[in-house]
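First the structure, in the form of structure tokens, and then the observations on it.
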Amino acid sequence: LVQAGSVQVMRLDSTGNWQFAQELIASDRDRNDWFGFSVAIYDDIIVVGAPYESHDISSNNFKSKSGSAYIFQKDSSGLWQQTQKITASDRDASDEFGSDMAMHGDFLVVCASNADTDALGGNFMSSAGAAYIFKKDSTNTFTEVQKIAASDRGPLDGFGESIDMTNKHIVITAPYDDKDTNGGNAVPDAGSSYVFEVDSMGLWSEVQKLVTSDRGSFDRIGIQRGSVSISAHQIVIGAAYEDDDATGGANMRDAGSAYVFERNAQGLWIETAKLVASDRWNSDLFGTSVSVSNNKIAIGALFEDQDANGLNPLNASDSVYIFDKDTTANTWSQVQKISASDRAATDRFSTVLLRDNYLLVGAYQDDNPGKNTLNFLNNAGSIYMFENQNTVSVDKQKNWNENLMVFPNPSKGQFTISLSSEINQASIEVRNMSGQIILQEDMRSLIEATFDIDGPSGIYFLSILSDQQQKTIKLIKQ
């Protein structure tokens, strides 16, 4: 079925190599659904977007390109099985529900960048965009609990073009938005992003709108899926069509840039850096894809032509740039440029995902998948994995408790754990004065987490455990 779509699941084997494990397809697949246009994964759940799919959860009620998403869960044998199909509660033709998505913990957020109505289902504005929040219950069933839209939404803003989230924040781009943070000073297609925060009741509310300090016409910040990334303290947004260097000069059309916003002590996100490639050039589209983790940023450049040394031009072979943060000087600098070992023209080596010490780069038009360079398959696509050999990040993992903060303390019941760098496979426990565990949660990774103590006022003890160490802190609930 032409462009029905599928998802390939890879599994890490005992020798440390990734092997094909399973292909996922929709139970009601049809031509031109574009199943796999977006994907989110968290623990044992995979969600796959099909923004051009046109039927409701019962495969009825045709509405062209209304969009849908499919939930897959891993069974006891290690296979992924489709358990649910979801659509928007107010689905309509051409909404493209599933244009992008993100998942963390029990929350799943699915974007519909062409949706026309606001959070209440009214106030029609063509392609203003919206996002739908689903929550997983104890039976692993997802139910829509909220619809969100930009507070100053406008026609053709495209809110929902790109999304990322943590346990506490959602950031969503609107690349065609013209307005500044005050809703004025219109600059055509400058673009913006919106930050939402969850409260203790699980309700998400817009807390801030982000625009760049040197916003210009047709910058279209956050225009591509994967062009926004968030960690506990940092948001990075790509502006692939931006023209100026870090100082606002040296104009090169569509060279591209990326902007870093960091959260201050008051909880506000402040622009702290503009990043550009050291060898920037016209039409590189640097910022097409971005990813931030552990004070490192990876940025893809979709139409960059030269290798890691700035030589051997091959049209749109593409590259990825790595930036490191100097936490003492609070500055970012480029430390590496990466290209594929078997780079070729139009490979599109530029889609990035940075996690801990690993970087994945997608090359969706690579013709020679795998290590067999003779196995030509036109635009078959491939993924390259890189490992950071720098041991500094490992040392940070071992000494995470030196930079641990828990605030506010005392508190009326809600506390936030914050680390300067991410740790893997952590768990938190809260015990009362009698030693009873009143809260326990295992986390795949931890850099920031907010939790509530549901109990009377008094003294409690928070324990944070990882493979390397344990730290216990006294908490006071007022």
Side-chain angles (χ1 to χ4, degrees), residues 175 216 218-227 229 236-259 273-291 296-324 332-354 358-389:
F218 309 109
D219 283 352
R220 297 169 186 161
I221 184 169
I223 193 173
Q224 299 274 359
R225 279 171 300 129
S227 59
S229 181
V236 182
I237 312 171
Y241 293 96
E242 207 270 334
D243 302 328
D244 301 324
D245 68 9
T247 65
N251 185 284
M252 292 183 178
R253 185 176 177 84
D254 299 340
S257 61
Y259 296 82
K274 178 181 181 180
L275 308 180
V276 299
S278 56
D279 57 353
R280 61 191 290 271
W281 197 249
N282 296 299
S283 302
D284 277 354
L285 298 190
F286 172 93
T288 301
S289 178
V290 301
S291 188
K296 290 185 180 295
I297 298 172
I299 303 175
L302 183 61
F303 287 115
E304 207 274 333
D305 300 329
Q306 297 173 324
D307 65 15
N309 298 313
L311 304 171
N312 304 317
L314 291 171
N315 178 47
S317 54
D318 303 336
S319 299
V320 171
Y321 298 80
I322 307 298
F323 292 78
D324 254 350
W332 293 86
S333 58
Q334 182 184 318
V335 294
Q336 193 175 0
K337 179 183 179 182
I338 296 172
S339 58
S341 55
D342 58 350
R343 60 191 287 269
T346 67
D347 274 356
R348 303 293 192 261
F349 174 91
S350 58
T351 305
V352 296
L353 178 63
L354 189 61
Y358 293 94
L359 170 67
L360 298 179
V361 182
Y364 65 88
Q365 288 188 184
D366 180 28
D367 301 323
N368 298 298
K371 296 181 179 180
N372 183 0
T373 57
L374 300 178
N375 185 23
F376 182 93
L377 292 170
N378 187 45
N379 293 345
S382 59
I383 295 175
Y384 297 78
M385 175 176 283
F386 298 84
E387 183 176 5
N388 176 24
Q389 301 295 331

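In what follows, residues are counted from 1 in the order of the sequence shown. Model, not experiment: these values are computed from the prediction. The figures that follow rest on heavy atoms only: side chains count, while hydrogens, waters and symmetry mates do not.
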More than 12 foreign heavy atoms under 6.0 Å from CD1 of Ile383: is that the case here? no

Please examine the side chains of Asp243 and Asp254, heavy atoms only from C-beta on, and report whether any two atoms are closer than 4.5 Å. yes

From CZ (Phe303) to CG (Asp318), nearest 0.5 Å: 7.5 Å

In terms of heavy-atom contacts, Gln334 and Phe323 come closest through N-CD2, 3.4 Å

Kindly write out the residues that satisfy side-chain hydrogen bond (donor to acceptor under 3.5 Å, both in side chains) with Asn312, not counting sequence neighbours, or none if the list is empty. Asp307

For Ala258 and Val290, the nearest pair of non-hydrogen atoms, with its separation, is CB-CG1, 4.5 Å

Euclidean distance, Thr351 OG1 relative to Leu302 CG, rounded to 0.5 Å: 7.5 Å

Side chain Lys274, main chain Asp245, donor-acceptor under 3.5 Å: yes

Roughly how far, to the nearest 0.5 Å, is CE of Met385 from CG of Leu360? 4.5 Å

Checking Ser257 now: which residues fulfil side-chain hydrogen bond (donor to acceptor under 3.5 Å, both in side chains) with it, not counting sequence neighbours? Glu242

For Gln336 and Ile322, indicate whether the former's side chain and the latter's backbone hold a donor-acceptor pair under 3.5 Å. no

Who are the side-chain hydrogen bond (donor to acceptor under 3.5 Å, both in side chains) partners of Ser319, not counting sequence neighbours? Glu304

Rounded to the nearest 0.5 Å, what separation is found between the CG atom of Asp305 and the CG atom of Asp284? 6.5 Å

Any heavy-atom pair between the side chains of Leu359 and Ile338 that's under 4.5 Å? yes

Tightest non-hydrogen contact, residues Gly216 and Asp219, listed as N-OD2, 2.8 Å

Qualifying residues under side-chain hydrogen bond (donor to acceptor under 3.5 Å, both in side chains), relative to Asn379, sequence neighbours excluded: none

Return the minimal non-hydrogen interatomic distance between Leu354 and Ser291, and the atom names on each side. N-OG, 2.8 Å

Measure the CG-CD1 distance between Leu275 and Ile299 for me, rounded to the nearest 0.5 Å. 5.0 Å

Heavy atoms, side chains only, cut-off 4.5 Å: are Leu285 and Tyr241 in contact? yes

Would you call Phe386 and Val352 a side-chain contact if the rule is heavy atoms closer than 4.5 Å? no

Can you find a heavy atom in the side chain of Ser350 that is under 4.5 Å from one in the side chain of Ser289? no

Nearest atoms (heavy-atom pairs only) where Ala255 meets Arg280: CB-NH2, 3.8 Å

Would you list the pairs meeting ring pair (Phe, Tyr, Trp, His ring centres under 6.0 Å) in which at least one residue belongs to residues 334-353, sequence neighbours left out? Phe349-Tyr384

Beyond-backbone contact of Asp324 with Lys296, side-chain heavy atoms, under 4.5 angstrom: yes

Given 3.5 Å as the limit, does a donor-acceptor pair link the side chain of Asn282 with the main chain of Arg253, or not? yes

Those residues at least two apart in sequence (or on a different chain) that pass salt bridge (Lys or Arg N to Asp or Glu O under 4.0 Å) with Asp244 are none

Scanning both residues in full, the closest heavy-atom pair of Ser317 with Arg343 reads OG-NH2, 2.9 Å

So how far is it from Asp342 CG to Ser382 OG, rounded to the nearest 0.5 Å? 7.0 Å

